[in-house]
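All heavy atoms count here, side chains included; hydrogens, waters and symmetry mates do not. Chain identifiers are assigned alphabetically (A, B, ...) following the order of the sequence lines, protein sequences preceding nucleic acid strands; residue numbering begins at 1 within each chain.
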2 protein chains.
Amino acid sequence: MTENDIFRALADPTRRAIFEKLATGSMNASSLRDGMKISQPAMSQHLAVLHQAKLVRQERKGRFVNYEVDPDGLALIANWLAKYRAYWPERMDALRTLLKDMDQ
Amino acid sequence: MTENDIFRALADPTRRAIFEKLATGSMNASSLRDGMKISQPAMSQHLAVLHQAKLVRQERKGRFVNYEVDPDGLALIANWLAKYRAYWPERMDALRTLLKDMDQ
DNA sequence: AAATTATATAAGTACATGCTTATGTATTGT
DNA sequence: ACAATACATAAGCATGTACTTATATAATTT
């Protein structure tokens with residue numbers, strides 16, 4: 001799990017879509033495939049990349065493997081972003097809200 | 001400037017290094033090259049990619065072109081990250097600090 | 001135990017990407 | 001006007017990446 005792993009993992013739109021879907025709730029690889037016009041091996045490979053980047057955790061449940069968002073990867077991005085706080089625009093509403101939530 | 005442009009731009013370590021250097025202060029392409037073992041065309045191409053992603057602004061100053069960090073790109077990353085706030089770890093200190101800064 | 005289901009891995013291929021060398025364009029200095 | 005400097009663009013090439021098909025592994029069901 002390096003900065004490089006993370007950014008390369010997120011560089012692919014299919015992988016971002018998978019991650020985004022996973023963020024709506026943990027699920028196994030087959031469920032992730034539903035409605036996603038992607039082959040089984042392709043999904044497996046994408047999940048491996050996301051996993052290596054620590055954007056995703058996996059846990060075997062019988063013959064399924066359950067996947068979920070791994071906060072570690074997100075934390076690394078947040079830290080990367082924080083380095084440039086001097087350049088953040090005045091009105092960054094989404095983040096402002098976020099901060100309030102966290103800071104209570 | 002799309003989400004895709006941004007993540008692809010940041011996927012390359014050389015480009016992240018250029019961006020990081022630029023974050024220490026605006027400078028022209030030649031200054032960016034100093035100490036960076038990279039050819040002039042390569043630098044120019046990287047800057048074009050960063051520019052298209054709105055991670056960098058450019059302004060011609062005589063025969064130099066001055067580059068600076070463009071907050072627009074950073075804002076897009078922040079918004080992307082904000083979508084996953086449900087998964088942020090409890091103690092994300094860098095961001096907590098950041099929020100305080102922004103929130104008053 | 002054999003068949004089925006879920007996922008992973010291997011090998012090959014087409015295309016994307018980051019570099020190079022060569023050349024073009026813009027601006028300044030003499 | 002000409003040379004020099006700063007940067008951009010074009011074309012070619014080597015490597016990386018995302019897919020495919022084929023096959024392996026792991027767990028469940030009958």
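Between A:W80 and A:F7, the ring planes are perpendicular. Angles over 60° get that label, and only those under 30° would be called parallel.
Taking the side chain of A:D12 as heavy atoms from C-beta on, and the options D:dA18, D:dA8, C:dA8, the nearest nucleotide is D:dA18. You'll find that the side chain of A:R8 is closest to D:dG16, out of C:dT20, D:dG16, D:dA18.
When rounded to the nearest whole Å, the span between CZ of B:R60 and C1' of D:dA6 equals 7 Å. Going from atom CD1 of A:I38 over to atom C1' of D:dT17 covers 14 Å, rounded to whole Å. Distance CG (B:L47) to C1' (C:dG18): 14 Å, rounded to an integer number of Å. Between the NE2 atom of B:H46 and the C1' atom of C:dT20 there is a distance of 12 Å, rounded to whole Å. One interatomic measurement links the two molecules: CZ of B:R63 to C1' of D:dA8, which rounds to 16 Å at whole-angstrom precision. The nearest whole Å value for the distance from the CD atom in B:Q58 to the P atom in D:dA8 is 6 Å. Rounded to whole Å, atom P of C:dG24 lies 15 Å from atom CD of B:Q40. Rounded to an integer number of Å, the gap from B:N66 CG to C:dT27 C1' is 15 Å.
At C:dA6, none of the side-chain N or O atoms of A:Y67 fall inside 4.0 Å of OP1 or OP2 (strictly under the cut-off). Taking side-chain N and O atoms only, A:T14 has a distance below 4.0 Å to OP1 or OP2 of D:dC19.
Remark: B:E3 CD is packed, more than 12 non-hydrogen atoms of other residues, nucleotides or ligands lying under 6.0 Å away. Within 6.0 Å of the CD atom in A:Q52, the count of heavy atoms belonging to other residues, nucleotides or ligands does not exceed 12.
Nucleic acid contact class of B:R33 (heavy atoms, under 4.0 Å, all strands): none.
Side-chain atoms of A:D34 and A:S31 include no donor-acceptor pair closer than 3.5 Å.
No donor-acceptor pair closer than 3.5 Å links the side chain of A:R57 to the backbone N or O of A:P71.
For A:P41 and B:M43, each mapped to the nucleotide of DNA chain D holding its nearest heavy atom, the one lying further toward the 5' end belongs to B:M43. Each of A:G62 and A:A42 was assigned the nucleotide of DNA chain D with the nearest heavy atom; the assignment lying further toward the 5' end belongs to A:A42.
Between the side chain of A:Q45 and the base of D:dT17 there is no donor-acceptor pair of N/O atoms closer than 3.5 Å.
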